[in-house]
Structures are given as structure tokens and as C-alpha cells.
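Note sheet for the following structure.
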Amino acid sequence: LQSQGINVKESSKKHVEWFPRTLKDLEALEQKTLSAGAELESDHPGFKDEDYKKRRHEIAEIAYTFNPAEHEVPNIKYTDIEIETWSKIYNVLTPLHEKYACHDYLESFQEMKTHCGFRSDNIPQLQDVNKYLKPKTGFQLIPISGLLTPRDFLNYLAFRVFASTQYIRHHSVPFYTPEPDVVHELMGHAPLFANPDFADFSQQIGLASLGASEPDIKRLATCYWFSVEFGLIRESDGKKKVYGAGVLSSVDEILNAVYNNTEARFFDPFKACEVPYPITSLQPVYWWSNNFEEAKEMMNKFAASVTRGFVTSYDKVNHEIKVYQDI
Ligand code: NLE
Ligand code: FE2
């Protein structure tokens, strides 16, 4: 840490994990992706499908060679089978969204239909989504080739960068998959990054994760899970609507959140951060906020409680992380 220009007092000197300071540093993180989608678990529906595995490799290669500081995200030419899987999900999800997705999501989804090629017969390209998002909130989606550790994934968010997959789920399981895929990233995550409060909320989690201890990373990742992935919003009419991407991208998860009498708790990061959750099955508990501004304020307090001996902020002109030593 000292070599990077921070004077940590001898007495408070403790080990701090390396963390990215520039967009270029994110390239090093991408090279650390786990398995690059190569080793699918044996119970994955694509496990025995050689063509599917080959295709996952092909798409992973594109992310490997991509440099976030220099390039535009390359377009993928999706196959007919891939587009058919997308259509099947799109056609069932969009009417469900009309009923159960939060207002802000629906609003930017409409715009993305016009500007980013969201259609039943087209899988939108990350680059087209970025052209829409960047002027709105400075957020962008960049491709990764496989799973990142929770630390690395959250670190990207500090830069207003969302690490995104580009492959699509296996055609045999359209309505629920435990893995992120392009349906999850685009139908789930992309639209809300156009909302300034939601964008700030997401970045706060990222900034707090830079150089955080392992237990703090776990707490931040849990907050992320219960909000960005599975959060609900109580709208002004008192009805709870969905904003979490893991719900919005899955027909089964929406139905579970709406019809299965699942529990909903008020999102307090200090409480939510300690609660365990399943990652390969439907959620038993969802957490709600009144609005993104409120969620952002609460996350701000939580982030301030993650002490590391320094605080971080983002310089959006130079796309760099600034580090200030605690006084
Ligand atoms: N279960 C979600 C879906 O099927 O779209 C993906 C969740 C990824 C965290
Ligand atoms: Fe996600």
C-alpha cells in the first residue's frame, strides 16, 4: 500500500488486498475469471452438450482479449437457437414485468426498446446498451469470460462498470438458471443502471469493497445479493414491485416472489448483511426499500461502517480511484 503513495501509520499498518485503481487494472481482474465457463458443473444442463460447451468457449475468448480502457465491446453474432431461447423468455417475461416490475425499470426498458434493440427476435448487444447508459449515468457493461470472485465482481462496480456475461443459458432451461447469462444481464440488470440513484447505490457497494477485509466482502456481497439481485421496491400505492435482476430475468423467480407467499423484510443493510441465502434455488426471503434514494442513504451508512484505514472515491473525469487515509 505504501508503495502506491499512501502513508499508513506504522501502528495501524495491516495487510490490505490489492485493488484496481484504473480501468486498465480491470483487465488484470478479467484474466482471473474462474474456469472461463469451460468446466461446467456435472448437473448443468449444458454439461453433455458439446456444441453448447464449444460455443461458451468461443464467446469467452472474446471477453479475454477485450480491453475495457481501449475497445468498444465486440458484437456477438447469435445463432438461431440462441435467439429462439431469448424470444421464448422475452415473450413470457415482458407481460410479467408489466404487472410486477418497478416503475423505473419499465420506464427505461421502454427507452431501451427504442435505442438498444430490445426485441423478441433480437438479443441486444452490450455496446448498444452502453451507448444508451453512458450519457445517462456513466455506467457501462463490459464482457467477462467466466465467474469472478465476489471481491473482484464488486470491485468493478466502483468504476461504474458492470461485469457482464455474453453467452446465453442452455435452451433446455429457459425460465430459471442459477448462472448469470445474457438474458439475466440484459433483461435483469441493464435497464436500472440508467437510474441515477440506483447507479450510485451500486457504485457505493463497489467503492466500499476496494481493499476490504474478507468478512466485509462477504457482508457487502450479501447486501448486493438482497438488493441489486433480488430487491423489491414499495411504490407509492403501497404495492411491492420487483427491481432485483435475479427476479426480473427469471419467470420462476418472479412467480415465486409474487405467488408463493414468500417473506418480505425491510432492507436494512446492517441486518440483511448477516443473512444466508441459497444461490442455486428460489429465494425464501426478499428485502424491500421505499425507493432507491432511501436504499442509497442506508447503503452509504453501511459503507461508512466498513473501515479499512482509508476511504475511496471515484474520479469520474479520469476514471480513477482516489484513496484518502482516515484521520
Ligand atoms: N435465476 C436467474 C435467472 O434464471 O435468470 C439468474 C440469477 C443469477 C444470479
Ligand atoms: Fe446478476
Side-chain angles (χ1 to χ4, degrees), residues 33-35 37 40-41 43-46 56 63 82 85-94 96-97 100-101 105 109 118 123-124 126 129 133 139-157 160-193 198-199 201-203 205-206 209 220-232 242-258 260 262 276-287:
T33 51
L34 314 168
S35 81
L40 296 176
E41 298 283 334
D43 60 351
H44 190 284
R56 289 273 294 251
E82 287 169 334
T85 305
W86 168 272
S87 302
K88 209 185 272 178
I89 306 169
Y90 187 98
N91 292 340
V92 182
L93 276 183
T94 42
L96 284 171
H97 287 176
Y100 303 117
Y105 173 91
F109 189 77
F118 278 74
I123 305 179
L126 300 191
V129 170
L133 285 180
F139 243 93
Q140 59 176 320
L141 312 183
I142 69 169
I144 44 157
S145 55
L147 280 183
L148 295 166
T149 62
R151 174 185 298 280
D152 291 350
F153 181 81
L154 296 180
N155 279 189
Y156 274 70
L157 291 175
R160 294 191 172 244
V161 171
F162 187 77
S164 176
T165 55
Q166 279 184 299
Y167 64 84
I168 196 162
R169 63 194 67 186
H170 195 261
H171 56 82
S172 65
V173 285
F175 296 148
Y176 178 88
T177 164
E179 286 187 301
D181 73 331
V182 73
V183 177
H184 172 68
E185 320 292 18
L186 296 181
M187 295 298 287
H189 287 288
L192 275 175
F193 287 126
F198 181 82
F201 172 87
S202 307
Q203 186 180 31
I205 302 182
S209 79
L220 288 163
T222 303
C223 287
Y224 168 87
W225 183 268
F226 286 135
S227 55
V228 180
E229 291 294 351
F230 293 95
L232 309 177
V242 177
Y243 77 88
V247 191
L248 291 168
S249 67
S250 166
V251 176
D252 293 351
E253 193 83 43
I254 294 185
L255 299 179
N256 179 58
V258 176
N260 283 357
T262 41
Y277 52 86
I279 54 168
T280 56
S281 61
L282 301 172
Q283 300 297 308
V285 181
Y286 300 92
W287 299 71

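Numbering of ligands and ligand atoms starts at 1, following listing order.
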Heavy-atom contacts with R169 under 4.0 Å: which atoms of ligand 1 show up? List them by number with element.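 Result: 3 (C), 4 (O), 5 (O).
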
Can the ring centres of F139 and F162 be said to be less than 6.0 Å apart?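 Ring centroids of F139 and F162 are no less than 6.0 Å from each other.
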
Do F230 and W225 have their ring centres less than 6.0 Å from each other?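 Yes, they do, as the ring centres are separated by less than 6.0 Å.
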
Is it the case that H189 and E229 place a side-chain donor and acceptor less than 3.5 Å from each other?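 Yes, side-chain donor-acceptor contact under 3.5 Å.
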
Side chains of D181 and T165: is there a donor and an acceptor less than 3.5 Å apart?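 Looking only at side-chain atoms, T165 and D181 do not form any donor-acceptor pair under 3.5 Å.
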
Is M187 near ligand 1, meaning one of its heavy atoms is under 4.0 Å from it?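 Under 4.0 Å: no for M187.
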
Just to check, does E253 reach to within less than 4.0 Å of ligand 1 when the distance is taken from its heavy atoms?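 Not so, E253 does not reach ligand 1.
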
Ring pair (Phe, Tyr, Trp, His ring centres under 6.0 Å), paired with F226, selected from Y286, Y243, W287: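 It is W287, the one option of Y286, Y243, W287 that forms the ring pair (Phe, Tyr, Trp, His ring centres under 6.0 Å) with F226.
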
Give the residue and atom name of whichever protein heavy atom lies nearest to atom 6 (C) of ligand 1, and the separation in Å to one decimal.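 For this ligand atom, the closest protein heavy atom is T177 O, 3.1 Å.
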
Please state which protein non-hydrogen atom is closest to atom 5 (O) of ligand 1 and give its distance, to 0.1 Å?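 Looking only at protein heavy atoms, the one closest to atom 5 (O) of ligand 1 is S249 OG, 2.5 Å.
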
From CZ (F109) to CG (L93), nearest 0.5 Å: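 Going from CZ on F109 over to CG on L93, the span is 8.5 Å.
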
Backbone, side chain, both or neither: what part of P178 comes under 4.0 angstrom of ligand 1, heavy atoms only?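 The backbone, only.
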
Quick check on the Fe ion (ligand 2): does E185 put an N/O/S atom closer than 2.8 Å to it?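 Checking E185: none of its N, O or S atoms is under 2.8 Å.
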
Within rounding of 10°, what is the angle whose vertex is the Fe ion (ligand 2) and whose arms end at NE2 of H184 and OE1 of E229?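 Reported to 10°, the angle equals 80°.
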
